[in-house]
Amino acid sequence: RSEAIRAGLSLEMNDEGIVVSSKGESIDFKWESGFRSRILPGIIVIYVDAIRGYLLPDRYTKDTKEKIVAILKEKTRVSIF
């Protein structure tokens with residue numbers, strides 16, 4: 001595993017999009033770029049482009065899952081399984 005993966009990632013959703021941070025570096029993904037998301041039992045998958053996606057297991061979204069799902073339904077194309 002790379003050092004960045006071991007350090008973990010932080011995802012923040014705001015009005016402009018999603019900010020992914022790790023070890024003091026960050027990258028912004030804008031909502032208008034056309035995200036897709038999947039809401040599955042136990043996990044949310046956010047696809048930010050054709051080859052990159054972020055997995056949000058329920059153990060990390062416990063108290064905020066409903067809010068995250070509401071934002072994704074408003075801002076992305078959602079598939080619910």
Side-chain angles (χ1 to χ4, degrees):
R1 290 185 169 188
S2 74
E3 189 64 31
I5 291 174
R6 279 194 294 275
L9 297 173
S10 171
L11 272 72
E12 175 189 335
M13 293 182 189
N14 58 39
D15 290 339
E16 285 95 42
I18 296 176
V19 180
V20 181
S21 306
S22 178
K23 296 187 74 170
E25 296 184 23
S26 64
I27 185 167
D28 297 333
F29 298 100
K30 303 296 182 194
W31 292 123
E32 62 262 9
S33 64
F35 295 173
R36 291 179 302 119
S37 58
R38 284 200 171 156
I39 301 167
L40 302 157
I43 196 165
I44 297 171
V45 184
I46 303 171
Y47 299 96
V48 294
D49 59 32
I51 59 171
R52 257 186 295 200
Y54 293 95
L55 307 176
L56 302 175
D58 282 354
R59 68 180 175 266
Y60 296 116
T61 61
K62 293 176 188 166
D63 299 331
T64 58
K65 185 171 183 175
E66 288 183 22
K67 185 175 181 179
I68 292 168
V69 168
I71 292 168
L72 292 175
K73 283 181 176 179
E74 177 185 343
K75 304 283 188 180
T76 71
R77 294 186 327 242
V78 177
S79 300
I80 300 176
F81 293 92

Distance-only donor-acceptor pairs under 3.5 Å for side chains of residues 66-74, two or more places apart:
none

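- Cluster membership check: V19 does not share its hydrophobic cluster with W31, using side-chain heavy-atom separations under 4.5 Å among Ile, Leu, Val, Met, Phe, Trp and Tyr.
- Note: R38 CZ to T76 OG1 = 12.0 Å, rounded to the nearest 0.5 Å.
- Take D15 and apply the side chain to side chain contact (heavy atoms under 4.5 Å, CB included) test, not counting sequence neighbours, and it matches no residue.
- Partners of L11 under the side chain to side chain contact (heavy atoms under 4.5 Å, CB included) rule, at least two apart in sequence or in another chain, are L9, I18, V20, Y54, L56.
- Heavy-atom minimum distance, R36 versus R77: CD-NH2, 2.7 Å.
- For the pair I46 and M13, the minimum side-chain heavy-atom distance is below 4.5 Å.
- Here the closest heavy-atom approach between residue R59 and residue K62 is recorded as O-CE, 3.4 Å.
- One distance of note links CD1 of I43 with OH of Y60; it measures 10.5 Å at 0.5 Å rounding.
- Under the salt bridge (Lys or Arg N to Asp or Glu O under 4.0 Å) criterion, K30 pairs with no residue at all, not counting sequence neighbours.
- Rounded to the nearest 0.5 Å, atoms CD1 (I44) and NZ (K65) are 5.0 Å apart.
- With S22 contributing its side chain and G8 its backbone, the two residues share a donor-acceptor pair below 3.5 Å.
- Scanning for salt bridge (Lys or Arg N to Asp or Glu O under 4.0 Å) contacts around D49 gives R52, with sequence neighbours left out.
- Under the ring-ring contact (aromatic ring centres under 6.0 Å, His included) criterion, Y47 pairs with no residue, sequence neighbours left out.
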